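Here's the structure we're looking at; comments come further down.
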Amino acid sequence: MASQQRSLLSRLVTPLRWLWLAMTIAVAVATIISANSGALNPDKSSWPALFAMTFPILIIANVALGLVNLFINKKVAIAQWIALLCSIPAINDWFPVNLSAKDADADDTILRLMSYNTYGFVDAEECYPDDTNRTASAIIHSGADIICLQEVGMIVDMPRRSLYDAQVDSINDIYPYFISKEEKMVSILSKYPLKAIDLPQPESPYSGWQAAETVIGNDTILIVSLHLQSFGLNEDDKIVYHQFTEGDVSRDMKGAGIALYRKLAGAFRLRALQAQMLRHQIDSLGYNNIVISGDFNDIAGCYAMRTICGDDMRSVHHDIATGPVITYHSDRFLFNIDHVLYKGNIAPLRYRRGNIKSSDHYPLYITFHLPH
């Protein structure tokens with residue numbers, strides 16, 4: 001009897017071992033694919049762009065499996081550590097580590113930038129302390145020299161959103177220079193004079209950019225406030241997404257899931273085309289110093305971000321931040337989709353994400369210096 005039990009146990013252990021090996025290798029391969037999906041044009045195939053958004057989960061799974069396999073089978077653990085090594089560039093995009101603080105020289109010029117998708121000055125939490133607008137207050141007290149805004153064209157009196165003339169006047173007093181691509185809901189506020197640069201815009205509504213030239217010290221800088229194509233999900237789509245994240249993959253959900261995927265895929269493709277369009281325009285302008293800031297509606301390392309960066313622009317978050325960041329906090333889409341890119345004789349010193357939840361996005365605060 002004991003012999004039969006050992007034989008049965010042996011027959012069960014062998015397939016379980018093969019199943020465990022297949023799972024660990026599958027996770028390792030999926031991680032490598034996810035890490036490099038941003039290099040693939042969504043116009044050719046959109047599923048890699050969606051797959052890339054699972055990268056943090058796959059990294060955690062890889063680390064967990066790698067540690068477990070050290071005690072079960074060290075040879076199998078090699079698959080996890082190879083996957084992690086192959087994913088280092090993507091890991092640096094999501095989880096940068098920059099422990100040494102940078103300081104400007106005494107004679108350097110400092111530029112403080114704020115980037116903020118304002119949600120149209122609607123308060124997502126319907127919180128209006130002392131009948132004021134919290135988003136406007138964040139702008140007024142930001143201390144920024146230049147602010148790139150999205151989802152706002154003109155800043156005007158909006159009583160229904162507790163944005164009254166007093167706060168509007170305060171913003172105008174602090175930032176006397178204002179330009180806006182009103183139909184695209186992108187704007188730039190500045191303490192420095194701005195020269196608007198009129199650029200062709202994508203056809204999609206509320207997707208576009210406002211560019212402006214400013215001179216700070218001896219440096220001319222092109223500032224771009226950017227809002228790429230959003231997913232455009234309605235309430236039904238968000239319900240489907242919530243059900244998926246809760247593990248509901250029933251037959252009734254499959255049709256809704258396919259429709260949701262098609263909408264997401266369409267947004268990925270449009271962002272790719274918009275990024276190509278903007279990069280071509282930037283190249284044609286010939287500026288040495290450029291800052292592009294705003295709502296990319298996609299993760300770090302995505303195709304659109306890579307396209308705009310090209311070979312000469314860099315991500316502020318990647319270069320000076322430490323650890324992951326979430327810039328969008330609504331509807332369980334907890335991702336970093338707001339980015340700041342730069343190039344030229346301008347370098348970031350500090351990166352900070354605000355915590356105010358009046359908008360569905362958090363504001364970003366970047367300190368640059370212009371070395372002499």
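Index from 1, following the sequence. From a predicted model like this one, the values you see are computed outputs, not experimental measurements.
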Do any pairs count as a salt bridge (charged side-chain N to carboxylate O under 4.0 Å, His left out) and have a residue in residues 121-144, sequence neighbours left out, and if so which ones?
Asp123-Arg134, Glu125-Arg134

I'd like to check the side-chain contact (heavy atoms from CB on, under 4.5 Å) partners of Ala304; sequence neighbours left out, ordered by chain and number.
Leu228, Arg271, Ala275, Cys302

Taking only residues two or more places apart in sequence, or in another chain, which ones meet Tyr119 in a side-chain hydrogen bond (donor to acceptor under 3.5 Å, both in side chains)?
none

For Leu270, all residues meeting side-chain contact (heavy atoms from CB on, under 4.5 Å), sequence neighbours excluded:
Ser204, Gln229, Gln274

Salt bridge (charged side-chain N to carboxylate O under 4.0 Å, His left out) partners for Arg314, two or more places apart
Asp319

Qualifying residues under side-chain hydrogen bond (donor to acceptor under 3.5 Å, both in side chains), relative to Glu151, sequence neighbours excluded:
Asn117

Share the residues that join Ile216 in a hydrophobic cluster, the rule being Ile, Leu, Val, Met, Phe, Trp or Tyr side chains under 4.5 Å apart at the heavy-atom level.
Leu111, Leu113, Ile146, Tyr177, Ile179, Ile188, Tyr192, Leu194, Ile221, Ile223, Val291, Val316, Ile320, Val325, Val340, Tyr342, Ile346, Tyr351, Leu364, Ile366, Phe368, Leu370

By ring pair (Phe, Tyr, Trp, His ring centres under 6.0 Å), Phe296 pairs with (sequence neighbours left out) His339

Pairs in or reaching into residues 163-183: which pass salt bridge (charged side-chain N to carboxylate O under 4.0 Å, His left out), with residues at least two apart or in two chains?
Lys181-Asp198

For Tyr128, which fellow cluster members are found when Ile, Leu, Val, Met, Phe, Trp and Tyr are connected by side-chain heavy-atom distances below 4.5 angstrom, either directly or through intermediates?
none

Residue set satisfying salt bridge (charged side-chain N to carboxylate O under 4.0 Å, His left out) with Arg279, at least two apart, ordered chain then number -> Asp283, Asp312

Taking side-chain contact (heavy atoms from CB on, under 4.5 Å) as the test, write out the residues that go with Val168, two or more places apart.
Ile155, Leu163, Asn172

